[in-house]
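To find a chain, count down the sequence lines: A is the first, B the second, and so on, and within it residues start at 1.
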2 protein chains.
Amino acid sequence: MRQNQARRAALLDAAIDVLAREGARGLTFRAVDAQAEVPGGTASNYFANRDDLLTQAGARIYERLEPDAATLARSLEGPRDRERVTQLMHELVDRISTYRTGYLALLELRLEATRRPGLRAVLTPRIRADIDANVDYHLRSGLPGDATAVMLLYLAMNWLIVEQLTLPEVFTQEQLRDLVERAVERLIPESDRSGAG
Amino acid sequence: MRQNQARRAALLDAAIDVLAREGARGLTFRAVDAQAEVPGGTASNYFANRDDLLTQAGARIYERLEPDAATLARSLEGPRDRERVTQLMHELVDRISTYRTGYLALLELRLEATRRPGLRAVLTPRIRADIDANVDYHLRSGLPGDATAVMLLYLAMNWLIVEQLTLPEVFTQEQLRDLVERAVERLIPESDRSGAG
DNA sequence: AACGTAGTACTACAATCGGAGTGGTGTCAA
DNA sequence: TTGACACCACTCCGATTGTAGTACTACGTT
């Protein structure tokens, strides 16, 4: 078992790309080798088996999605009104095209988690922490909308993303933007005069 | 190419089960044969190739999900108030456990559609028609809530279902019910005194 | 400066496995 | 008798895995 951490990370990044492109079942050692452009057999030397690879990839995805938290920090800079929420939601949805492989890989992993308890055990706390962080962040930032509103926005935006990722022709770009705006319109109060600090 | 339609349908049903259990990539002729409990090689005789099988399975899923439309017809029987909407949403979410394989197979197909234009072409109009039917149905039934509200409910409920199907431990049953109720609470007006008729 | 060692990159190989497709035979019904 | 189909068995093929063996690099020692 090789110990080169940089190479291991590169292999995991390659694995995430493979996941998005080929699906969970297409994630083979060889495919990872090819994607990472390393000699065949390398992935075999770094991961004990497929389960090991899947699980580590599941953990790795979040390491790469967390930098969005830095972007999220920027969200504090603007005003704290409903329009700002709309803008943030637009940015979230737009981010799909940038991180497309990440989102798709995560979906693949979710489905694979159906069959792999070990993977499920890794993903469940991560997702829950992500949700909690989102809600906490929103509330503490002073943006309008309570925890319930944030949760419902989270649900709606997530499916919107799935729809866009998997069957982009179901909604036009206009419908997409419209749905985002109406979601905020309906779920977030016009301004937060009561709880703002 | 065999013509026995009953057997073909049985093979497609088996294919849907395989999809849910093994994922899109695990859908092989042999696996379908095994699931359908027919001799090996049978599926080969009924479908030209994997693409053919996938596409037909994608179409077949909707044949089996449509009977829900019959169930949906029953939804007209109750009162036309917000509480009724809540009840219908609960029923929708509860239906997951009954049709689990169907929902999972559909998710797998969505991801596979990412890679197969032919499958995408089959799924896109189906999904769109399904959404439109839902909205139309809701509006014509006289239940409270406009098209936007129905759409947003649709988005939120769909992701709730994904969450429950793939990582059931993220939300407890109570949280799940709570989210359904709050979604209706926030998105559907308390009663529809204006547009009913 | 020469040497030894450890860890790793790389190559190549051998074995395995799963799956696809097809030809042949028996059966049933028209 | 003929045609379609169920069933069975067999062969060919490609992909994948795991590993053995070799070369390289860095580092520490003398």
(message) Tell me which pairs pass salt bridge (charged side-chain N to carboxylate O under 4.0 Å, His left out) where either residue lies in residues 156-168 of chain A, with sequence neighbours left out.
(response) A/Glu163-B/Arg110
(message) Once salt bridge (charged side-chain N to carboxylate O under 4.0 Å, His left out) is applied, what residue pairs with a partner in residues 88-98 of chain A remain, sequence neighbours excluded?
(response) A/Asp68-A/Arg95
(request) Please identify each residue that fulfils salt bridge (charged side-chain N to carboxylate O under 4.0 Å, His left out) with A/Asp51, with sequence neighbours left out. (result) A/Arg116
(message) If the condition is salt bridge (charged side-chain N to carboxylate O under 4.0 Å, His left out), which residues does A/Asp13 pass it with, not counting sequence neighbours?
(response) A/Arg60, A/Arg64
Atom pairs under 3.5 Å: protein N/O with N/O of nucleotides 20-28 of chain D:
none

List in chain and number order the residues that pass side-chain contact (heavy atoms from CB on, under 4.5 Å) with [X], two or more places apart in sequence or in another chain; answer none if no residue qualifies.
{"X": "A/Arg25", "answer": "B/Glu22, B/Arg25"}
{"X": "B/Arg140", "answer": "none"}
{"X": "A/Asn45", "answer": "A/Arg2"}
{"X": "B/Val180", "answer": "B/Met89, B/His90, B/Val93, B/Met157, B/Leu160"}

Round to a whole Å and report the spacing from [atom1] of [X] to [atom2] of [N].
{"X": "B/Leu27", "N": "C/dG18", "atom1": "CG", "atom2": "C1'", "result": "15 Å"}
{"X": "B/Met1", "N": "C/dG21", "atom1": "CE", "atom2": "P", "result": "10 Å"}
{"X": "A/Phe29", "N": "D/dT19", "atom1": "CZ", "atom2": "C1'", "result": "13 Å"}

(request) Give me the residues of residues 8-25 of chain B where at least one heavy atom lies under 4.0 Å from an atom of DNA chain C, by number, or none. (result) none
(message) For DNA chain C, which residues of residues 33-43 of chain A approach it to below 4.0 angstrom with any heavy atom?
(response) A/Pro39, A/Gly40
(request) Give a yes-or-no answer on whether the side chains of B/Gln3 and B/Arg8 include a donor-acceptor pair shorter than 3.5 Å. (result) no
(message) Does C/dG19 have its OP1 or OP2 closer than 4.0 Å to a side-chain nitrogen or oxygen of B/Thr28?
(response) yes
(request) Kindly write out the residues that satisfy side chain to side chain donor-acceptor pair (under 3.5 Å) with B/Asp52, not counting sequence neighbours, or none if the list is empty. (result) B/Gln56
(request) Look at the side chain of B/Arg30 and the base of C/dG19, then say whether one donor and one acceptor between them are separated by less than 3.5 Å. (result) yes
(request) With A/Leu153 as reference, evaluate A/Ile188, A/Asn134, A/Leu92, A/Thr148 under the side-chain contact (heavy atoms from CB on, under 4.5 Å) test and give the passing residue. (result) A/Ile188
(request) Name the nucleic acid region contacted by A/Tyr46, choosing base, sugar-phosphate or nothing; use a 4.0 angstrom heavy-atom cut-off, strictly under. (result) sugar-phosphate
